[in-house]
Amino acid sequence: MFFNRRSILGGLGALSAASSFGLALEQPRSAPILTIRGKVGHTNSSGEAVFDLGMLSRLPQGITETETPWYPSKTRFEGPLAAELLKSVDCQGQNLKVSALNGYAVDIPTNDFRRWPVILATHVDGKPISVREKGPIFVIYPFDREPSLYNEIYFGRSIWQVQSIEIG
């Protein structure tokens, strides 16, 4: 195969030009369950990033088996690592306002997601989390791995029925 210098340099120029603009995420293939807006560099819908369950499942995943105040025994939570979600949207802020389906919201520093393997649980004990059971997304800290997190501050940040994140 023959490549001339101009076509290679032209291709590299187009690649670097594309990287100077926000890269688009893939489009959801089913109903979105999470919307991320605010200080993001990568979007896929009118200045925001929307994710369906399939998109979330293609991000690097985490598993946390832990005791929580919300379940009677040790429970297995699975879902995308929160830090990987922030990377996927090119998070450019320091604070997150995480909102639930019922309008409840909590503030979480982005540093929490970068410091610990926090997951956005989409499965509990191997089953998708229904809205009735605190789904579709539940913020779970690694309480058993980091005992210092087992307190009211982090329980308060462990919001369930997550539907959106505003990055500020």
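Heads up: numbering here begins at 1 and tracks the sequence.
The minimum heavy-atom distance between Pro109 and Asn95, with the atom names listed, is CA-OD1, 4.2 Å. Minimum interatomic distance between Pro69 and Tyr150 (heavy atoms only, all atoms of both residues): N-OH, 4.0 Å. Taking each heavy atom of Thr110 and Cys91 in turn, the nearest pair found is CG2-SG, 3.9 Å. The heavy-atom pair separating Ala83 from Arg114 by the smallest distance is CB-CA, 4.4 Å.
One side chain, Tyr141 or Asp112, offers a donor N or O that lies under 3.5 Å from an acceptor on the other.
Inter-residue side-chain proximity for Ile63 and Arg76 is flagged as met; some heavy-atom pair is nearer than 4.5 Å. You'll find the side chain of Thr122 stays beyond 4.5 Å of the side chain of Ile129, heavy atoms only. Contact of the Glu48 side chain with the Thr43 side chain is not registered, since no non-hydrogen atoms from C-beta on lie closer than 4.5 Å. Within the 4.5 Å cutoff, side-chain heavy atoms of Pro136 are placed close to those of Leu101. The closest side-chain heavy-atom distance from Arg37 to Ser164 is below 4.5 Å. Taking 4.5 Å as the limit, every side-chain heavy atom of Val118 sits out of range of all side-chain heavy atoms of Tyr154.
Looking at Asp107, Val162, Ile137 one by one, the single match for side chain to side chain contact (heavy atoms under 4.5 Å, CB included) with Val98 turns out to be Val162.
Lys39 NZ to Leu96 CG: the interatomic distance, rounded to the nearest 0.5 Å, is 11.5 Å. Distance check: Ile108 CD1 to Lys97 NZ gives 12.5 Å after rounding to the nearest 0.5 Å. In this structure, Leu120 CG and Phe113 CZ are separated by 5.5 Å, a value rounded to the nearest 0.5 Å. The CZ atom of Arg145 sits 10.0 Å away from the CD atom of Glu65 when rounded to the nearest 0.5 Å. Here the CZ atom belonging to Arg157 is positioned 14.5 Å from the CD1 atom belonging to Ile140, to the nearest 0.5 angstrom.
When the salt bridge (charged side-chain N to carboxylate O under 4.0 Å, His left out) test is applied to Asp144, the partners found at least two apart in sequence or on another chain are Lys74. Not counting sequence neighbours, the partners of Ser130 by the side chain to side chain contact (heavy atoms under 4.5 Å, CB included) test are Arg132, Glu133. In this structure, the side chain to side chain contact (heavy atoms under 4.5 Å, CB included) partners of Thr68, at least two apart in sequence or on a different chain, are Thr66, Trp70, Tyr71, Phe77, Phe143.
Remark: side-chain polar atoms of His42 are not paired, donor with acceptor, to backbone N or O of Leu25 under 3.5 angstrom. Side-chain atoms of Asp52 come within 3.5 Å of backbone atoms of Arg29 as a donor-acceptor pair (strictly under, hydrogens ignored). Between the side chain of Asn44 and the backbone N or O of Val50, at least one donor-acceptor pair lies under 3.5 Å. For the pair Gln61 (side chain) and Leu56 (backbone), a donor-acceptor distance under 3.5 Å is present. Although no hydrogens or angles enter the test, the distance criterion places a donor-acceptor pair under 3.5 Å between the side chain of Gln161 and the main chain of Val131.
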TODO: Tell me, with the steps shown, if Ile36 and Leu85 meet side chain to side chain contact (heavy atoms under 4.5 Å, CB included).
DONE: CA-CA 10 Å; Ile36 303 175; Leu85 178 71; 3.6 Å; yes
- [ ] Evaluate side chain to side chain contact (heavy atoms under 4.5 Å, CB included) for Ile167 paired with Val89, printing each intermediate quantity in order.
- [x] CA-CA 10 Å; Ile167 301 174; Val89 299; 4.1 Å; yes
Task: Verdict with reasoning, Leu59 to Met55, per side chain to side chain contact (heavy atoms under 4.5 Å, CB included) - done: CA-CA 7 Å; Leu59 291 171; Met55 293 168 68; over 6 Å; no
